[in-house]
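What follows is one structure encoded as structure tokens, with my remarks underneath.
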Amino acid sequence: MTETGTGSKARSQTGSGSGAGPGAEPGTEPGSPAGPVDPADPAAATAAAAKKAGGSDRNQSSSLRRALAVLGHVRDHGNGRGVPLAQLAEALGLNKSTVLRLTGPLLDEHLLDRDRETGWFRLGHGSLRLGQAYLSTLDLRSVAAEHLRRLQREAGETVHLTVWQAPGIVYLDKVEDETNVRMASRVGSRAPAYCTATGKAILAWLPDEAVTEVVAAGLRPVTAWTISDETHLRADLARIRARGYSIDDRENEPEVRCVAAPIFDHTGEVTAALSVSGLTSRMTAARVRSLGPVVAQVGLRISRELGSDRQPG
């Protein structure tokens with residue numbers, strides 16, 4: 001029997017003092033290149049314990065990822081009725097007993113519920129509380145900030161964030177290139193909805209009553225290119241909905257073109273919009289068309305962070 005009193009005596013009785021086969025000292029880990037652990041060496045004992053803990057952490061991390069995959073599948077495929085155990089197991093490549101083990105903590109925390117009659121899984125009220133807690137911390141300007149800065153760097157033009165305030169819009173944020181000519185817009189100022197890109201981007205997805213309210217407030221021509229006729233405005237809003245972004249072609253400022261896209265909240269309602277604006281000398285019609293889909297994608301990314309599940313198109 002191997003002694004563990006001193007390192008030298010233990011090594012003399014095990015031959016090489018390395019490896020982990022029959023006759024290895026207590027504390028030796030299979031496959032460990034460092035050899036047996038000397039209980040008299042606190043540092044070695046600590047390292048061995050850390051290695052074992054690391055393996056445990058990896059197992060726990062793997063289980064957590066699989067449990068989250070179960071939760072995500074129920075979220076995406078529940079359709080109100082729930083998801084049967086067999087479907088969960090097949091979709092995730094797991095056996096049923098593993099799925100049941102993974103759903104245990106989720107059921108305990110009410111992130112999942114299981115129908116007593118069908119046995120199907122659906123989201124529980126714990127998921128709702130979690131979602132409400134997330135939404136309560138959201139601030140549009142904070143959520144959008146990094147997206148706006150990145151878009152400004154990519155486009156090299158002024159980027160705006162506006163919110164709806166019938167019958168117009170209010171500038172909530174503005175990011176501009178210090179080397180370019182400054183836009184007249186100011187954070188906190190208002191502008192008409194019918195002749196601004198962000199205003200039309202919001203108006204295109206609002207109920208018809210909002211369009212009627214804007215028209216009733218008047219469609220005064222601001223420039224020679226302003227749409228000041230209800231029929232033409234409604235036709236333009238239909239085009240905006242079809243392509244996913246709006247264009248202000250010198251309608252609010254005679255030497256400025258803008259392209260904008262809507263932002264939707266967690267209820268699916270349009271609440272804001274972002275835009276890229278620049279002088280017509282740089283923002284040609286062709287460049288506006290190329291920027292349109294880019295701005296629309298940024299709008300969808302911000303919308304998703306606000307809890308929207310809207311898809312492109």
Side-chain angles (χ1 to χ4, degrees), residues 56-144 146-147 163-164 201-202 204-208 210 241-245 261-274 293 295-313:
S56 176
D57 288 346
R58 285 192 293 273
N59 291 337
Q60 291 176 0
S61 177
S62 176
S63 295
L64 177 58
R65 284 194 293 269
R66 289 189 293 177
L68 292 174
V70 169
L71 188 64
H73 188 84
V74 174
R75 177 199 63 205
D76 295 337
H77 300 89
N79 298 323
R81 298 178 58 203
V83 179
L85 175 61
Q87 179 184 324
L88 269 174
E90 181 179 359
L92 301 175
L94 303 171
N95 58 52
K96 293 181 181 179
S97 61
T98 299
V99 173
L100 289 173
R101 176 176 59 81
L102 294 170
T103 57
L106 300 176
L107 291 168
D108 291 343
E109 294 299 321
H110 302 291
L111 296 172
L112 286 182
D113 281 338
R114 194 175 189 190
D115 190 282
R116 291 183 178 181
E117 294 183 4
T118 66
W120 289 21
F121 294 93
R122 58 176 177 264
L123 293 182
H125 61 81
S127 294
L128 176 61
R129 293 201 310 271
L130 199 61
Q132 289 174 331
Y134 169 71
L135 291 173
S136 69
T137 66
L138 289 182
D139 171 73
L140 173 60
R141 190 173 184 179
S142 298
V143 169
E146 181 54 34
H147 295 282
V163 292
W164 175 248
I202 296 172
W205 275 273
L206 283 176
D208 187 68
R241 285 190 295 272
R243 68 179 174 236
Y245 60 89
I263 295 172
F264 303 90
D265 66 13
H266 67 284
T267 69
E269 298 294 323
V270 61
T271 56
L274 76 156
V295 177
Q297 283 298 319
V298 176
L300 284 174
R301 286 198 289 272
I302 296 173
S303 299
R304 281 195 290 271
E305 289 194 30
L306 292 171
S308 171
D309 60 359
R310 290 189 69 96
Q311 300 298 318

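A distance of 7.5 Å separates CG in Leu300 from CZ in Phe264, rounded to the nearest 0.5 Å. Rounded to the nearest 0.5 Å, atoms CG (Asp309) and CZ (Arg304) are 10.5 Å apart. Rounding to the nearest 0.5 Å places CZ of Arg301 at 14.0 Å from OG of Ser308. Interatomic distance, Leu306 CG to Thr271 OG1, rounded to the nearest 0.5 Å: 6.5 Å. A distance of 9.0 Å separates CG in Leu92 from CG in Leu102, rounded to the nearest 0.5 Å. To the nearest 0.5 Å, atom CG of residue Leu140 and atom CD of residue Glu305 are 11.0 Å apart.
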Would you give me the side-chain donor-acceptor pairs under 3.5 Å for residues 104-113, sequence neighbours excluded?
none

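Glu269 is linked by a salt bridge (Lys or Arg N to Asp or Glu O under 4.0 Å) to nothing, counting only residues two or more places apart in sequence or in another chain. Partners of Ala273 according to the side chain to side chain contact (heavy atoms under 4.5 Å, CB included) rule, which considers only residues two or more places apart in sequence or in another chain, are Thr162, Thr198, Ala201, Ile202. Asp208 pairs by the salt bridge (Lys or Arg N to Asp or Glu O under 4.0 Å) definition with Arg234, not counting sequence neighbours. Residues satisfying the side chain to side chain contact (heavy atoms under 4.5 Å, CB included) criterion with Trp120, sequence neighbours excluded, are Arg81, Pro84, Thr118. Listed by chain and residue number, Arg122 satisfy the salt bridge (Lys or Arg N to Asp or Glu O under 4.0 Å) test with Asp115 (two or more places apart in sequence, or in another chain). Under the rule for a salt bridge (Lys or Arg N to Asp or Glu O under 4.0 Å), the partners of Arg141 that lie at least two apart in sequence or sit in another chain are Asp173. Scanning for side chain to side chain contact (heavy atoms under 4.5 Å, CB included) contacts around Ala89 gives Lys96, Val99, with sequence neighbours left out.
The shortest side-chain heavy-atom distance between Ser62 and Arg66 falls under the 4.5 Å cut-off. Residues Arg75 and Leu71 form no side-chain contact, since every pair of their non-hydrogen atoms from C-beta on lies 4.5 Å or further apart. Between Leu85 and Phe121, the closest side-chain pair of non-hydrogen atoms falls below 4.5 Å. The closest side-chain heavy-atom distance from Arg114 to Leu100 is below 4.5 Å.
Counting only residues at least two apart or on different chains, the side chain to side chain donor-acceptor pair (under 3.5 Å) pairs with a member in residues 83-95 are His73-Gln87, Asn95-Ser97, Asn95-Thr98. Sorted by first and then second residue, the ring pair (Phe, Tyr, Trp, His ring centres under 6.0 Å) pairs with a member in residues 83-106 form an empty list; sequence neighbours excluded.
The two residues Pro262 and Val270 have their closest heavy-atom pair at CB-CG2, 3.8 Å. When all heavy atoms of Gly268 and Arg310 are compared, the closest pair comes out as O-NH1, 4.0 Å.
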